[in-house]
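As the structure is a prediction and not an experimental result, all values here were calculated from the model. In what follows, chains are A, B, ... by sequence order, proteins preceding strands, each numbered from 1.
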Amino acid sequence: MKKFVNDPQQFVPEMLKGIALANPDTLKYVPEYNLIMRIDAPRADKVSVIQGSGSGHEPAHVMIVGKGMLDAACPGDVFAAPPMDYVLETSKLLNSPKGILHIINNYTGDRMAFEMGKEMAEADGLTIGTLLVDDDVAVKDSTYTVGRRGVAGNFFVIKAVGAASEQGADLDELLRIGEKVNSVTRTMGMALTSCTPPAKGSPLFELGDDEMEMGVGIHGEPGRRREKLANANAIVDELLEAVVTDLPFSKGDDVALMVNGLGGTPISELYILYGYAHEQLAKRGINIRRNYVGEYCTSLDMAGTSITLSRLDSEIDGLLGAPAEIAIRTF
Amino acid sequence: MKKFVNDPQQFVPEMLKGIALANPDTLKYVPEYNLIMRIDAPRADKVSVIQGSGSGHEPAHVMIVGKGMLDAACPGDVFAAPPMDYVLETSKLLNSPKGILHIINNYTGDRMAFEMGKEMAEADGLTIGTLLVDDDVAVKDSTYTVGRRGVAGNFFVIKAVGAASEQGADLDELLRIGEKVNSVTRTMGMALTSCTPPAKGSPLFELGDDEMEMGVGIHGEPGRRREKLANANAIVDELLEAVVTDLPFSKGDDVALMVNGLGGTPISELYILYGYAHEQLAKRGINIRRNYVGEYCTSLDMAGTSITLSRLDSEIDGLLGAPAEIAIRTF
Amino acid sequence: MSTASLGHVEAVVRITAQACVDNEKYFGELDSVVGDGDFGYSMARGFELVIQDWDGFDRADIGTFLKKIAVVITSRIGGTSGPIWGTAMLRAASTAGAVTSLEPAQIVAMLRAGIEGIKARGRSDVGDKTLLDALVPAVDTIEQQIAAGADTAATLRAAAGTARENAEATRAMQAMRGRASYTGERSIGTLDAGAVAVAVILEALADQWPDLPARS
Amino acid sequence: MSTASLGHVEAVVRITAQACVDNEKYFGELDSVVGDGDFGYSMARGFELVIQDWDGFDRADIGTFLKKIAVVITSRIGGTSGPIWGTAMLRAASTAGAVTSLEPAQIVAMLRAGIEGIKARGRSDVGDKTLLDALVPAVDTIEQQIAAGADTAATLRAAAGTARENAEATRAMQAMRGRASYTGERSIGTLDAGAVAVAVILEALADQWPDLPARS
Ligand SMILES: Nc1ncnc2c1ncn2[C@@H]1O[C@H](COP(=O)(O)OP(=O)(O)O)[C@@H](O)[C@H]1O
Ligand SMILES: Nc1ncnc2c1ncn2[C@@H]1O[C@H](COP(=O)(O)OP(=O)(O)O)[C@@H](O)[C@H]1O
Ligand SMILES: [Mg+2]
Ligand SMILES: [Mg+2]
Ligand SMILES: [Mg+2]
Ligand SMILES: [Mg+2]
C-alpha cells in the first residue's frame, strides 16, 4: 500500500486533526464524533447545515465546512456511514433555534444513521429537516431499488443551501432550494483504477490494464459495466450522453458543469476532459455558465472522473455565485 | 497506462485549451507557444511576470496565471523546458514599458531556453529581469554542481512577486523581493510511486512495494536515496529535519508551511502529514503563520509529497496574504 | 434446548463479539467483491468496544444487559451494519425484558423480533441477498430443533448448518438491497458478506458451546 | 575524406533527423533511468519538423541551410537538448559560411565549433557524462582519419566506433551536469542518453553512406 498512513484506524482522526490545525480561526474538531464544525456555529440567526457520510471522499465533506457551506460534517470511517451517535451528538451541538438541516447522500447506511439520529434528536426537542441527494444516473431508480446514489452533485446542493442559510433562509426555504437543486443535477462517473482503503491495504477491485469501469460509485463499489479502455474524448462522450439524456438537458439550458477527479487523476487530465466536454455541450446548444474543474468528491486514490451537470435558474445561479470560505483553498 | 489522454502529443495543448475554455473572461490561450496569458496583459503600469518550465507540474504554472500571480506561462512539453522560441515570443507578446520578469526554476534546460530567449528579446529592445528559484534541499549546492532545483517553493516566490507587481512595483523591486523569498524558502520531497508520462506510457522508474524514494525531483528523476517505506510521521520527520536544518529555521521564526501533493496523493493524506508537521514545528518553537495544503507543484500522477518552509517577515507576509485569482479555484 | 441464564446470554454476546473481531479481514474481503470493503472493519471496531467495556455493562437483567450492548453497536458501528445489527439487538432486548432467565420460546421470540427490526430498518426481506437470507432460515431451524427437543449444542449446530447453506445460496441471488444492489446482475455469483457473517457467528457458537463452563 | 557538397550536408542532416525520429522510444528509455524520460520525445518532435519542412529550407549555401535547420532545432526542441543541439548547429553553420562545398579541414572546424558551442551553453566539458563524452573523441577520430587519408565511409565508420565505445564508457562515470547529476553517485552504472544518441546517429550515417546516390 503506497499511502501516507500511520495507524489505519487513526486515518480519519489524524486527517481531521490536520484540518483543524490548518484552520484554527475558523474550524473546530471534536474528536468524540469525528466532528469538524465552524468555530462560530451554531448561530441563532442561521439554520445549521450538517452533512455526514463515509470518509474517503475528501474534500467532501469535512473540508467544505465553512462560511456559506456546511456548518459541520461528522463522517464515519473510510466508506462507512457515521454511527448514529455522531449524527445525534452533532445535531445537539449544532442546535439552532432556526433548526437543523441534515444533508444525506442516498445510501442505505447513511439514511439509517440519520433516520435514527433524527428520531432521537427530535425526541430531545430538536427541529430537523432532511435533504436527500441522489444525482447518480449510473444507478437505475425505481420503486424496487434503493434509488440513486448521491455523488459529486452534492457539492451544488450544499453550495446553494449553504449560501441561502447564510442569508438567513428558514428550514422550509432550504428544503425547497435543496430539493430543487438536487432535482436538476445529474452525475455519471467512471474509474481507470480501483482505490485502496487504508485499513484494507490493497485495491478494492482489480481492473486490467486495458479495462475501465463505467458507472462506478464513490466507495470503490464496481460500476455497472466493465469496458475496454477508451481515449479521453470517447469517455467524455459516454459520460455526457448518460447525463444529458437523463434529465434531459436541452438546447438553450444554462448549466453548471463539473469535471470532478476521483482522487488519483491529476488536474492536467481533468482539464483535457473539461475542454472536450465544454465543446461538446456547446455543440448541443447548452450554455455553460459556471464551471468546476478539480476534486470535489473523491474515492480515496482512485484514478477516474465524474461529470456533473446542474441546470441553473437565476436563483440557483445566484446561490452558486455567493461567497464562501472553506478549508480547501490555494492561498 | 491509466490516464485520460487522446494523442499523447496533444496532451499539453488539450490541457491548455481546457484551461482557457474554463476561464474565458480572464485567460487567453495562444496555441503557437503553449501560452496561457491574462486576457488583460500586458499592462503599461505593471511588470509582466512570466514563468515557463516543463509541463506535468500542474497547477504550476499554467493554472496559476491570473491577477496577483503570473501574467503568463509558456510551458514546454511534459518535463521538457520550453523551446527558446516560446520564451522569446511570449516575452514579446507580454512586453510592458515597465519591463518583464522571467521566473525560472533552476534546471539546465530551463535556464538555457530563458538565457537564449532573453538575449534575443533584449536584441529586440525588451527589458528583462531574471529570477532563479532553487529551493530544493535534496540537491547539494556547490560550485561543482548545477545547483539546487526549483520545486514547490516557486509558489511563494511567484505569489510574493505577483502581488508586488500588481501593486506597481518596478523590476528592481520585484527582483529584490523574489530573491529574498527564494533565499528563505526550502523544500524537500519524496515519492511513494513513480509517475507515468503520457508519451512514455509506463512509469519512469520502478519502486518496490516496500520502498520509497527520498529527495525526489518533480520530473520523475529518482531521488538521492531509496529507503524502506516508512509511516507518515517518520516521513514527515525526515523531510522536516532536512528543511529546518538547511536554512536553518530557528525557534521564534514565523513561517509559511506548505504540504504539497505530487499528483497522485489524495488530500486526506496530505492533511495527515500537515497535522503532524504542524505539531513538530510547534514543538521546535517555530510559528506557522500561514499554511498551504494541497497540490501546488506536481509530478504528473506521482504519489508523494514535498514540504516547504518559507520564513516570513512583515513584507513577505503581506504579499502572501494579498488577494489573487487563478484558474485553480473551488467555487 | 434448556433454559438460558444471563451467563448464557453473556456467552453468546462474547463469542459473537470475538468472532467479529477475529474475522475482520475475512468479512472485509467478502464486502470488497461487490461492496465497499468496510463491513469487517466496522464490525470489528464496534465489537472491540463491547469486549473492551465488557465488565462495565449493567447486568441487572437480560433485557438491560442486551440493551447496553445494543447501544454500543448502534451508536458506534458505522455503515449499514451499525443500524441493522443494533436495531436487531435492541428489539431482542425489549422482547426479553427484565428477566434473568429465558425459556426456549422466549429466545425464539427475541430472534424473531430482531429479524422484524432488521426488515423495518432495512426496508428489506428474505430474497434481497442480505444477512436476512441466512438469519431467517437459521431461526426457523432453531425453532424446529426446540420443537424436536434437541439440546442447545445440537440446536446451535443445526442452525449453523442452515446458515452456512443459505449463506452459500446467496451466491445465486441478485442483490436488491444495500450497496451490492448497485452492481445489478453483476452481484450474482458473489456471496453476501452479512449472510456469511451470520453463518460464521453461529458456527463459532456451535463450536464453543460444549466447552463452556456451566454458568449460573 | 573527399570534398563535401550541399547534397552531402543535406544527407547528413536528413539521416540524423530520421535516426532521431526512429529512436524516440529508445532515447526516451535511456533518459528514464536517471533522467526524466523526455529526451527521445523532444528530439523526435524537433527532427520531425525538420523532415516535414524539408523542401522549404533555404539552400542558397551550406551555411544558410544549416542555419535554417538550427533555428528549427533551437526554437522548437524543448528540454536541454534544444539549446544544446541548436547552439552546436548554429556555430557549425556560422563556421561553414556562405559556401557550396566544404574541404575536410572545414568540416572538422565546423564540428569543433559545434563542440565549443555546447561547452559554452552547457557550462560543461568532457568528463561530465554528457553527449560531449561521445562527440569529442568521435571528432578526434574524424580528424585522425582525414589525416590518414581515409575515405568518407571509412571515416564515418571509425567515428561511429569511437562514439559507441565512449558512449558505453559513460556507464562508469558520475554525472556532473544535467538532470542525471541530481542522483549523484547513483548515476554511475547508467548510460548517458545524449552520448548514446551521438553513437546511434554516427552509426546511421556510417551504415547509410555507401548506399547514397552520388550528389552534386
Ligand atoms: N437494506 C438492508 N437490509 C438488511 N441488510 C442489509 C441491507 N443492506 C445491506 N445489508 C447487509 O449489510 C451488509 C453490508 O454491511 P456494510 O458493509 O456495513 O454496509 P455498507 O458499507 O454497504 O453501508 C450486506 O452484506 C448485507 O448483508
Ligand atoms: N550541461 C550540459 N552540457 C552538455 N550536455 C548536456 C548538459 N546537460 C545535459 N546534457 C545532455 O543532454 C541529455 C539530456 O537531454 P534532455 O533530456 O533534453 O535534458 P533534460 O534533463 O532537460 O530533460 C543528457 O543525456 C546529456 O547528454
Ligand atoms: Mg460502507
Ligand atoms: Mg526534461
Ligand atoms: Mg460495506
Ligand atoms: Mg530529459
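Interface remark: B:Glu211 contributes backbone atoms only to the contact with chain A (heavy atom separation under 4.5 Å). Looking at B:Thr305, the atoms closer than 4.5 Å to chain A (heavy atoms on both sides) sit in the backbone and in the side chain alike. With a 4.5 angstrom heavy-atom cutoff, A:Tyr296 touches chain B only via side-chain atoms. Interface residue A:Ile19: backbone and side-chain heavy atoms are both found under 4.5 Å from chain B. Interface remark: A:Met302 contributes no atoms to any contact with chain B (heavy atom separation under 4.5 Å). Of the two parts of B:Met69, only the side chain, counted from C-beta on, holds a non-hydrogen atom closer than 4.5 Å to a non-hydrogen atom of chain A.
Chain A is approached within less than 4.5 Å, heavy atom to heavy atom, by B:Leu207, B:Gly208, B:Asp209 from residues 197-209 of chain B, ordered by number. At a heavy-atom cut-off of under 4.5 Å, chain B is reached by A:Gly263, A:Gly264, A:Thr265, A:Pro266, A:Ile267, A:Ser268 from residues 261-268 of chain A, listed in order of number. Identified by a heavy-atom distance below 4.5 Å to chain B, the contributing residues of residues 321-331 of chain A are A:Ala324, A:Ile326, A:Ala327, A:Ile328, A:Arg329, A:Thr330, A:Phe331, in residue-number order. For residues 153-164 of chain A, heavy-atom neighbours of chain B at less than 4.5 Å comprise A:Phe155, A:Lys159, sorted by residue number.
Within the 4.5 Å cutoff, no side-chain heavy atoms of A:Ser306 are placed close to those of A:Met190. The shortest distance between side-chain heavy atoms of B:Ser53 and B:Phe79 does not fall below 4.5 Å. B:Met258 is not listed as a side-chain neighbour of B:Ile307, based on a closest heavy-atom distance of 4.5 Å or more. A heavy-atom distance below 4.5 Å is found between the side chains of A:Leu239 and A:Met214. No side-chain heavy atom of A:Asn34 sits less than 4.5 Å from a side-chain heavy atom of A:Pro82. At a threshold of 4.5 Å between non-hydrogen side-chain atoms, the residues B:Phe11 and A:Ile272 count as touching. Between B:Leu300 and B:Thr196 there is no side-chain heavy-atom pair separated by less than 4.5 Å.
Distance check: A:Ile235 CD1 to A:Glu227 CD gives 9.0 Å after rounding to the nearest 0.5 Å. A distance of 11.0 Å separates CD1 of A:Ile286 from CD of A:Gln280, quoted to the nearest 0.5 Å. Remark: A:Phe4 CZ to B:Leu270 CG distance equals 7.5 Å, nearest 0.5 Å. Between the CG atom of B:Asp77 and the CD atom of B:Gln9 there is a distance of 8.0 Å, given to the nearest 0.5 Å. Taking OG of B:Ser194 as the start and NZ of A:Lys2 as the end, the distance is 10.0 Å to the nearest 0.5 Å. Annotation: the span from B:Leu309 atom CG to B:Leu240 atom CG amounts to 6.5 Å, rounded to 0.5 Å.
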request  = Show your reasoning for whether side chain to side chain contact (heavy atoms under 4.5 Å, CB included) applies to A:Ile36 and A:Val30.
outcome  = CA-CA 6 Å; A:Ile36 292 284; A:Val30 183; over 6 Å; no
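Listed options A:Leu273, A:Ile288, A:Asp210 were ranked by heavy-atom pairs under 4.5 angstrom with chain B; first place goes to A:Leu273. The choice from B:Thr193, B:Leu257, B:Asn233, B:Leu320 that makes the most heavy-atom pairs within less than 4.5 Å of chain A is B:Asn233. Ranked by non-hydrogen atom pairs under 4.5 Å with chain A, the options B:Lys3, B:Glu14, B:Arg290, B:Met212 are led by B:Lys3. Counting heavy-atom pairs closer than 4.5 Å to chain B, the top-ranked of the candidates A:His278, A:Glu269, A:Glu279 is A:Glu269. Most heavy-atom pairs under 4.5 Å with chain B: of the set A:Gln10, A:Met63, A:His57, this distinction falls to A:Met63. Interface check for chain B: of the options A:Gly18, A:Gly275, A:Ala282, the most heavy-atom pairs under 4.5 Å are formed by A:Gly18. Here A:Tyr271 is the residue among A:Tyr276, A:Tyr271, A:Tyr292 with the most heavy-atom pairs under 4.5 Å with chain B. When the candidates B:Asn6, B:Thr298, B:Asn231, B:Asn291 are compared by the number of heavy-atom contacts under 4.5 Å with chain A, B:Asn6 comes out ahead. The choice from A:Glu58, A:Met15, A:Met1 that makes the most heavy-atom pairs within less than 4.5 Å of chain B is A:Met15.
Distance alone, capped at 3.5 Å, places no donor-acceptor pair between the A:Asn287 side chain and the A:Arg289 backbone. A donor-acceptor pair under 3.5 Å is formed between the side chain of B:Ser55 and the backbone N or O of B:Gly76. The closest donor-acceptor contact from the side chain of B:Ser299 to the backbone of B:Ile218 lies under 3.5 Å.
Annotation for A:Ile316 and A:Leu312: closest pair CG2-CD2, 3.9 Å, computed over non-hydrogen atoms. What you find for B:Glu213 and B:Arg226 is that their closest heavy atoms are OE1-NE, 2.7 Å.
For the residue pair A:Glu295/A:Asn260, the side-chain donor-acceptor check at 3.5 Å is not satisfied.
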